[in-house]
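Structure, as structure tokens:
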Amino acid sequence: MALLNFKRKDTPATTRTSPEMEAFLQDYSIEVMPRTAEKVDNFRDLLPAGTRVYIAHIEGTPIDEMVATAKRLNDDGFKVMPHFPARIIKDRATLADWIARYQGEADVKQALLLAGGVEKPHGDFDSSMQLMETGLFDEAGFERLHVAGHPEGNRDIDPDGSFTNVAAALRWKNDFQTRTDAKMALATQFAFDAKPIIAWADRLVEEGITLPVHIGIAGPAKLQTLIKFAIACGVGPSLKVLQKRAMDVTKLLMPYEPTDVLLALAAHKAEHPDFNITNVHFFPLGGIKTNATWAIENGGAAAQPANR
């Protein structure tokens, strides 16, 4: 069950790549926010050319900052995928304006559509399905649309802890892919334990959901930081794993690395090539540079920066 790997801060960085890990990290993506992106001098020193970079749209972030970040990343040669959180978008006109600005100023052709972490909608939209039903992304010629996945469930959608409502929503989105020219995939919340992730991914197939999965993985970070984010994001079983680790004072002071969970997933993928998890999506909770450095050390040629 202990799928966490910790390393003392004074341990020299070493390359720990393997053929399975390198293959699994091919075309990985990473998430930023405008305020975290501002701290990075040059993304090309950290990320492989053409990396997909999601831009998280947190409530209160001005659309100007989102578009400016998208433009910068696009100009640097990265695939830009901004979040469109339904519950903070006032109405159809606002959605159309955002799409037009992203395309006109930053040449955005991809989007992550999600409900958003706001309890009360700001306007007309409550779910990503409502955004999809507007037809605006199809009209604008978006090439790729991702939607959210939750390997450990979503209490906002299924308060009883079941998979009922989530499964129904995923089936709707799965059917939607037949009605759009855009490529679709599930981008998931982060988790730390490979076994439940694999079981969830297999269950999707059993439910007839064929969307490929881009599995969310928390990048290297302090254990305290991960626990804080896990609580905020409603991560269940993974939180218990972190809390158990936190009870060991010696490990509490060590940074977490996602090595073991990714090695387990990579090995499963190597043994089952048709496994529906196709990509890794990093949440750089300990910092973008820290996450990118770990990827370089563990991903071999799959993670070499654009400027190398």
Nearest 0.5 Å please: distance from the [atom1] atom of [X] over to the [atom2] atom of [Y].
{"X": "Met81", "Y": "Leu112", "atom1": "CE", "atom2": "CG", "answer": "6.5 Å"}
{"X": "Ile217", "Y": "Leu265", "atom1": "CD1", "atom2": "CG", "answer": "6.0 Å"}
{"X": "Asn276", "Y": "His214", "atom1": "CG", "atom2": "NE2", "answer": "11.0 Å"}
{"X": "Met66", "Y": "Glu105", "atom1": "CE", "atom2": "CD", "answer": "13.0 Å"}
{"X": "Phe137", "Y": "Met132", "atom1": "CZ", "atom2": "CE", "answer": "9.5 Å"}
{"X": "Thr134", "Y": "Met129", "atom1": "OG1", "atom2": "CE", "answer": "13.5 Å"}

Give the minimum heavy-atom separation between [X] and [Y], together with the two atoms involved.
{"X": "Pro305", "Y": "Ile296", "result": "CG-CD1, 3.5 Å"}
{"X": "Thr259", "Y": "Trp294", "result": "OG1-NE1, 3.4 Å"}
{"X": "Ala218", "Y": "Pro258", "result": "O-CB, 3.6 Å"}
{"X": "Leu211", "Y": "Val147", "result": "CD1-CG2, 4.4 Å"}
{"X": "Leu47", "Y": "Tyr28", "result": "CD2-OH, 3.6 Å"}
{"X": "Ile58", "Y": "Met33", "result": "CG1-SD, 3.5 Å"}

- Task: Look at Asp64 together with Arg101 and state whether they make a salt bridge at an N to O cut-off of under 4.0 Å.
- Result: yes
- Message: Could you check whether Arg92 pairs with Asp124 (Lys NZ or Arg NE/NH1/NH2 to Asp/Glu carboxylate O, under 4.0 Å)?
- Response: no
With distance as the sole criterion, is a donor-acceptor pair present between the side chains of [X] and [Y] under 3.5 Å?
{"X": "His146", "Y": "Gln110", "answer": "no"}
{"X": "Asp97", "Y": "Thr94", "answer": "no"}
{"X": "Gln177", "Y": "Thr210", "answer": "yes"}
{"X": "Ser29", "Y": "Asn279", "answer": "no"}

Kindly indicate whether the side chain of [X], heavy atoms from C-beta on, has any atom under 4.5 Å from the side chain of [Y].
{"X": "Leu170", "Y": "Leu186", "result": "yes"}
{"X": "Phe275", "Y": "Ile198", "result": "yes"}
{"X": "Glu31", "Y": "His281", "result": "yes"}
{"X": "Ser127", "Y": "Arg87", "result": "no"}
{"X": "Phe24", "Y": "Ile277", "result": "yes"}
{"X": "His122", "Y": "Val118", "result": "yes"}
{"X": "Val108", "Y": "Phe142", "result": "yes"}
{"X": "Leu136", "Y": "Glu139", "result": "yes"}

- Does the pair Thr278 and Val213 meet the rule for a side chain to side chain contact (heavy atoms under 4.5 Å, CB included), with working shown? CA-CA 6 Å; Thr278 61; Val213 176; 5.9 Å; no
- Mutual orientation of the aromatic rings belonging to Phe190 and Phe192 [parallel < 30°, tilted 30-60°, perpendicular > 60°]: perpendicular
- Audit row: Glu207, Arg171, salt bridge (charged side-chain N to carboxylate O under 4.0 Å, His left out) steps and yes/no: CA-CA 8 Å; Glu207 295 280 348; Arg171 281 192 291 270; 2.7 Å; yes
Between [X] and [Y], ring centroids under 6.0 Å:
{"X": "His57", "Y": "Phe84", "answer": "no"}
{"X": "Trp98", "Y": "Tyr102", "answer": "no"}
{"X": "Tyr54", "Y": "Phe282", "answer": "no"}

- Message: For Glu119, is the CD atom crowded, meaning more than 12 foreign heavy atoms sit under 6.0 Å from it?
- Response: no
- Between Lys90 and Phe125, does a side chain to side chain contact (heavy atoms under 4.5 Å, CB included) hold up when you go through it step by step? CA-CA 7 Å; Lys90 183 179 179 181; Phe125 301 116; over 6 Å; no
